[in-house]
2 protein chains.
Amino acid sequence: MKDDQIDAMSKILKSMSHPIRLKILCLLQDKELSVGDIRDQVETTNANVSQHLNILRSQGIIDYRKDANFIYNRITDKRILELIQTMRKLFCPTFD
Amino acid sequence: MKDDQIDAMSKILKSMSHPIRLKILCLLQDKELSVGDIRDQVETTNANVSQHLNILRSQGIIDYRKDANFIYNRITDKRILELIQTMRKLFCPTFD
DNA sequence: TAATAATTATATTAAAAGCTTAAATGCATA
DNA sequence: TATGCATTTAAGCTTTTAATATAATTATTA
């Protein structure tokens, strides 16, 4: 277990450890969503969602595609998909 | 996905997201260790290790047993064991 | 050009995270 | 009981950075 692996993993965990960002990641498990979609489910402002998305983007966790003046976000890193699924299985028994 | 489940999970992630604490959890995967053992592997002071252990204890992630004037720490929560194993599998390919 | 979606820039506030140092506790043994 | 070792706790300090609000800006469409 190398120290730089530890460091890399803790950065990822840290970026996932904010309630809003974790919720965003859960929402993006099975679909892509626009910033506005996310803002509706996570109750906050557009700018705030955008700022949180930037943090996740800078970690390479999520990506986006542009369509008209909408930005659709999705999880790029398959490892993150699996990690979140494991977490839901472990910590959210009923899985909803 | 309930909001309080999200909150609970983000607290756990946050407590795991410090390099020293994550390293401690990795070290405790397959064995129990005293505070001094941990201090040797994570290079810092006794007091600092103790403080990090307290954070993990307060989340119910680790537990300890006392033997003479040594305190042996171990991971109590089996979910944490599985979560870390998943993370190592995903993010540390060579798995060492 | 007007309207909508999203980003960026800026600032502010708070807080809180992390570490160091030193003192205190607990246990064992001489 | 006195000493030494392992650990914890307390206090303080520094820094930083985290999170959000607000307002301005970009980009796209119509």
Side-chain angles (χ1 to χ4, degrees), chain A residues 3 6-28 31-76, chain B residues 3 6-28 31-76:
Chain A
D3 276 2
I6 296 272
D7 291 346
M9 277 174 37
S10 43
K11 273 179 198 155
I12 290 173
L13 289 180
K14 190 174 180 189
S15 67
M16 295 174 64
S17 73
H18 186 282
I20 289 184
R21 292 196 291 273
L22 185 57
K23 187 162 185 179
I24 289 174
L25 291 174
C26 288
L27 292 171
L28 293 180
K31 52 184 169 301
E32 58 179 18
L33 293 173
S34 72
V35 178
D37 295 335
I38 294 171
R39 179 212 51 222
D40 291 341
Q41 309 227 30
V42 179
E43 289 179 351
T44 182
T45 62
N46 249 325
N48 190 223
V49 170
S50 196
Q51 285 154 357
H52 283 300
L53 288 173
N54 267 332
I55 291 171
L56 295 170
R57 284 171 192 153
S58 72
Q59 289 294 320
I61 291 177
I62 64 173
D63 196 3
Y64 63 90
R65 81 181 164 83
K66 240 174 160 164
D67 184 12
N69 46 3
F70 289 83
I71 294 217
Y72 292 100
N73 302 275
R74 61 155 189 265
I75 297 179
T76 0
Chain B
D3 275 3
I6 297 273
D7 290 347
M9 277 173 39
S10 43
K11 273 180 198 155
I12 290 174
L13 289 180
K14 189 174 181 189
S15 68
M16 294 173 65
S17 73
H18 187 282
I20 288 184
R21 291 196 294 272
L22 186 57
K23 186 161 186 180
I24 290 174
L25 291 175
C26 287
L27 292 171
L28 293 180
K31 52 184 169 300
E32 58 179 20
L33 293 173
S34 72
V35 177
D37 294 335
I38 294 171
R39 180 213 50 223
D40 291 341
Q41 309 227 29
V42 180
E43 289 179 352
T44 182
T45 62
N46 250 327
N48 190 223
V49 169
S50 196
Q51 285 155 358
H52 283 300
L53 289 172
N54 267 333
I55 291 171
L56 295 171
R57 284 170 193 152
S58 72
Q59 289 294 320
I61 291 177
I62 65 174
D63 197 3
Y64 62 90
R65 82 182 163 83
K66 239 173 162 166
D67 184 13
N69 45 5
F70 288 83
I71 294 217
Y72 292 100
N73 301 275
R74 60 154 190 265
I75 297 180
T76 1

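Just so we're on the same page: letters track the sequence lines, and every chain starts at 1.
Separating the OH atom of Y64(B) from the P atom of dA6(D) is a distance of 18 Å, rounded to the nearest angstrom. For I24(A) and dA19(D), the CD1 to P distance is 12 Å, given to the nearest whole Å. Atoms NE2 (H52(B)) and C1' (dC19(C)) sit 8 Å apart, rounded to a whole Å. The distance between atom NZ of K14(A) and atom C1' of dA16(C), rounded to the nearest whole Å, is 11 Å. As a whole-Å value, the separation of I55(B) CD1 from dA17(C) P is 8 Å. Atom CG of N48(A) and atom P of dT8(C) are 15 Å apart (whole Å). Counting to the nearest Å, the P atom of dA6(D) and the CG atom of D37(B) are 11 Å from each other. For the pair K11(B) NZ and dA17(C) C1', the computed distance is 17 Å after rounding to whole Å.
Nearest nucleotide to the side chain of Q51(B), out of dT4(C), dA6(C), dT20(C): dT20(C). Closest to the side chain of N69(A), from the set dT28(D), dT8(D), dA6(C), is dT28(D). Checking dT29(D), dT20(D), dT9(D) against every side-chain atom of N54(B), the shortest atom distance belongs to dT9(D). For V35(A), taking side-chain heavy atoms from C-beta onward, the closest of the listed nucleotides dA27(D), dT7(C), dA22(C) is dT7(C). Checking dA6(C), dT8(D), dT20(C) against every side-chain atom of T45(B), the shortest atom distance belongs to dT20(C). Proximity note for H18(A) (side chain, C-beta onward) versus dC19(C), dT20(D), dT7(C): the nearest is dT20(D).
Using modelled atom types and a 3.5 Å distance limit, the side chains of S34(A) and D37(A) yield a donor-acceptor pair.
Under a 3.5 Å cut-off, the side chain of S10(A) and the backbone N or O of I6(A) do form a donor-acceptor pair. Here the side chain of R21(B) pairs a donor or acceptor atom with the backbone of S15(B) at under 3.5 angstrom.
Using a 4.0 Å heavy-atom cutoff across all strands shown, R39(A) reaches no nucleic acid atom at all.
Residue N46(B) places no side-chain atom within donor-acceptor reach of the base of dT7(D), judged by atom type and a 3.5 Å distance cut-off alone.
For dA5(C), the OP1/OP2 oxygens have no side-chain nitrogen or oxygen of S34(A) closer than 4.0 Å.
Each of A47(A) and S50(B) lies near DNA chain D, and the nucleotide nearest S50(B) is the one positioned closer to the 5' end.
The environment of Y64(B) atom OH is sparse: at most 12 non-hydrogen atoms of other residues, nucleotides or ligands sit within 6.0 angstrom.
The pair D63(B)-R57(B) fails the salt-bridge criterion, with no side-chain N (NZ, NE, NH1 or NH2) lying under 4.0 Å from an Asp/Glu carboxylate O.
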